Asks: 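To start, I am sharing the structure in question, which I have written as C-alpha cells.
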2 protein chains.
Amino acid sequence: MSNFEAFFDYIQKISGKVLSEDDKHLLTAHFKPKKLRKRQYFLQEGDVCKYIGFIVKGSARTFTVDEKGHEHILKLSLENWWLADFESFYLLTPSRFNIEALEDLEILQSTNAQIEEFLKLIPAFSAMANVISQNYTIANQKRMQAAMSYSAEERYEDLVNNYPQFLQRFPQNMIASYLGLSPETLSRLKKNSFK
Amino acid sequence: MSNFEAFFDYIQKISGKVLSEDDKHLLTAHFKPKKLRKRQYFLQEGDVCKYIGFIVKGSARTFTVDEKGHEHILKLSLENWWLADFESFYLLTPSRFNIEALEDLEILQSTNAQIEEFLKLIPAFSAMANVISQNYTIANQKRMQAAMSYSAEERYEDLVNNYPQFLQRFPQNMIASYLGLSPETLSRLKKNSFK
DNA sequence: AAATAGGCTTGACATAGGTCAACTCAAGGT
DNA sequence: ACCTTGAGTTGACCTATGTCAAGCCTATTT
C-alpha cells in the first residue's frame with residue numbers, strides 16, 4: 001500500500017532508524033487511511049481532538065474564530081506533516097481550534113492511546129517523536145520571534161524564503177491570515193515590494 | 001544539598017516517577033551548581049548554547065536585539081524553569097538570542113551530551129522531558145494565538161490572569177517587551193483599564 | 001452563454017500602537 | 001548626603017495596518 005510506504009520512509013528518515021517488519025505491521029494495523037474532501041473539517045472547535053493524522057496528500061489549515069467573527073490561521077499543513085491540536089490531543093480537553101481541509105486530503109490516522117503504544121514498542125517511532133518535538137519547539141520559537149520583532153513585510157519575505165511551497169498551494173488570503181495580516185495589506189505589500 | 005532536593009522533587013512531580021538513589025547520584029555528579037549575578041549573561045547572541053540550566057533561584061530573560069537596536073523579550077524565566085536556547089542547544093548552532101539574569105541567579109547546569117545520558121539512563125528524567133516538551137508545545141501555541149488574535153489590552157489581561165507572579169518579579173518595561181509593546185503603551189493601557 | 005461566487009486589487013478613511021521628548025520619583029553607589 | 005541611573009508617566013505627534021466599500025477577473029455552476 002503506497003500510502004504506508006511514504007509513511008514508513010518518513011519515519012525512518014526523520015528518526016534515522018530502521019522499521020522492522022513487525023513494526024510495519026503494527027503501524028499498518030493501527031493507522032487507518034481516511035479521506036476528507038476540500039472544506040471538510042478534521043476537527044471542530046469545542047470537540048476533543050481524538051485523532052492525530054499523518055498527511056499523505058493534500059493540505060489543511062488550523063484556525064480560530066475570534067469574538068468579532070474574524071478567522072486567524074495558526075498553522076498551514078502539507079504532506080508529511082502531522083495534523084492535530086496537540087493541546088487537545090494530549091490533554092483530552094475541548095479544542096479551541098478548527099482544522100479544515102483546504103484541498104482534498106488523504107491521511108493516516110490513529111488515537112492517543114495507540115500512539116502511546118507505538119512510542120513504547122517502536123524505537124524508530126519514539127526517536128521520530130523526539131526529533132519532531134525538537135523541530136516544533138524550534139519552529140515555534142522562530143515564528144514567535146518573527147511575530148514580535150518583524151514587520152509585515154519582513155514576515156512575508158521570511159515566508160517566501162522558508163516556505164515557498166505555501167505560495168503555490170494556498171490562496172493569498174490564507175497566507176495573509178497565517179501572517180496575521182488582512183488580505184488587503186498583503187496585497188498592497190506585494191505590489192510595493194515588486195517596485 | 002538543598003539545591004538538589006528541590007530539583008529532585010521537581011523531576012519526580014512532573015514525571016510522576018520516583019528517582020532511585022543511583023539516579024540521584026548520577027544527577028548530582030553531572031549537574032553543576034552555578035551562580036550568576038544580576039545582569040550577567042547566561043548566553044550571548046552568536047555563541048552556541050552549550051549548557052542547559054535548571055533555575056533554583058532567581059529569574060532571567062531571553063531576548064533578541066533587532067537592526068534598529070530594539071530589544072524583544074521572548075521568554076521570562078523563573079524558579080523551576082529550564083534555561084536554554086533549545087534551538088542552539090539541540091543543533092549546536094550559534095544562537096540568535098541573549099539570556100541574561102534579571103535577578104541574582106542560582107542554577108544547576110549540564111551539557112547536551114550529559115542530558116542524552118540522563119534520558120537513556122533515568123526513566124523519570126526521560127518521562128519529565130516528554131511532559132515538558134508537551135507543555136512547551138501547548139504554551140507556545142497559546143502564546144502564538146494570543147499574539148495573532150488578541151489586542152494589547154487582552155494580552156495584558158491574559159498575563160495578569162495566567163502569570164501574576166510576573167508582575168511581582170519583573171519591571172514593567174520587561175513585561176511590555178514580553179507582550180510585544182512599548183513601555184509607554186503598557187503604561188497607558190494600565191491607566192485606562194483602572195478607569 | 002449567462003449567472004454566480006471567490007479571490008484579488010484599489011481607494012478613502014480610521015485607529016491602535018509606536019516614537020520622541022520632557023518630567024518625576026525612587027533607589028543604589030560613592 | 002549627593003549624584004547618578006533606571007523606571008514609570010504623560011503629552012504631542014506619526015505611521016503601519018485595519019476597515020469598509022467598490023470594482024474586476026477567473027473559474028465554476030446552471
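Lettering follows sequence order; numbering is per chain, from 1. Just so it is clear, the structure is predicted and the values come from calculations on it, not from any experiment.
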Asks: Does the Q109(B) side chain pair with the main chain of P33(B), one donor and one acceptor, at a distance under 3.5 Å?
Replies: no
Asks: To the closest 0.5 Å, what do you measure between CG (L159(A)) and CD (Q165(A))?
Replies: 8.5 Å
Asks: With no hydrogens and no angle check, do the side chains of S20(A) and D23(A) hold a donor and an acceptor under 3.5 Å apart?
Replies: yes
Asks: Atom CG of L189(A) to atom P of dC8(C): distance rounded to whole Å?
Replies: 14 Å
Asks: Between dT15(C) atom C1' and R188(B) atom CZ, what is the distance in whole Å?
Replies: 14 Å
Asks: Once you round it to whole Å, what is the distance between P of dT9(C) and CG of L186(A)?
Replies: 8 Å
Asks: Is the charged tip of R143(A) near the ring of Y178(A): under 6.0 Å from the six-membered ring centre and within 45° of its axis?
Replies: yes
Asks: For the pair made of OH in Y150(B) and P in dG17(C), what is the distance, rounded to whole Å?
Replies: 15 Å
Asks: Measure CG/N192(A) against P/dT9(C) and give the value in whole Å, please.
Replies: 12 Å
Asks: Want to settle it: does R39(B) or E184(B) sit nearer the 5' end of DNA chain D, counting the closest nucleotide to each?
Replies: R39(B)
Asks: With ring-ring contact (aromatic ring centres under 6.0 Å, His included) as the test, pick out the partner of F31(A) among F4(A), F7(A), Y10(A).
Replies: F7(A)
Asks: Could you tell me from which nucleotide to which nucleotide of DNA chain D, 5' to 3', there is an atom under 4.0 Å from chain A heavy atoms?
Replies: dT17(D) to dA21(D)
Asks: For Watson-Crick and G-U wobble pairs within 3.5 Å on both distances, what is DNA chain D written in dot-bracket notation, | included for inter-strand pairing?
Replies: ||||||||||||||||||||||||||||||
Asks: Are any non-hydrogen side-chain atoms of H30(B) and E117(B) less than 4.5 angstrom apart?
Replies: no
Asks: Between F86(A) and Y136(A), how do the two ring planes meet: parallel, tilted or perpendicular, split at 30° and 60°?
Replies: perpendicular
Asks: Of all heavy-atom pairs between S15(B) and A127(B), which one has the smallest distance, and what is that distance?
Replies: CB-CB, 3.9 Å
Asks: Please determine whether a side-chain nitrogen or oxygen atom of S187(A) lies at a distance below 4.0 Å from atom OP1 or OP2 of dT9(C).
Replies: yes
Asks: Would you say Q12(B)'s side chain and L19(B)'s backbone share a donor-acceptor pair under 3.5 angstrom?
Replies: yes
Asks: Once you round it to whole Å, what is the distance between P of dG7(C) and CD1 of I73(A)?
Replies: 11 Å
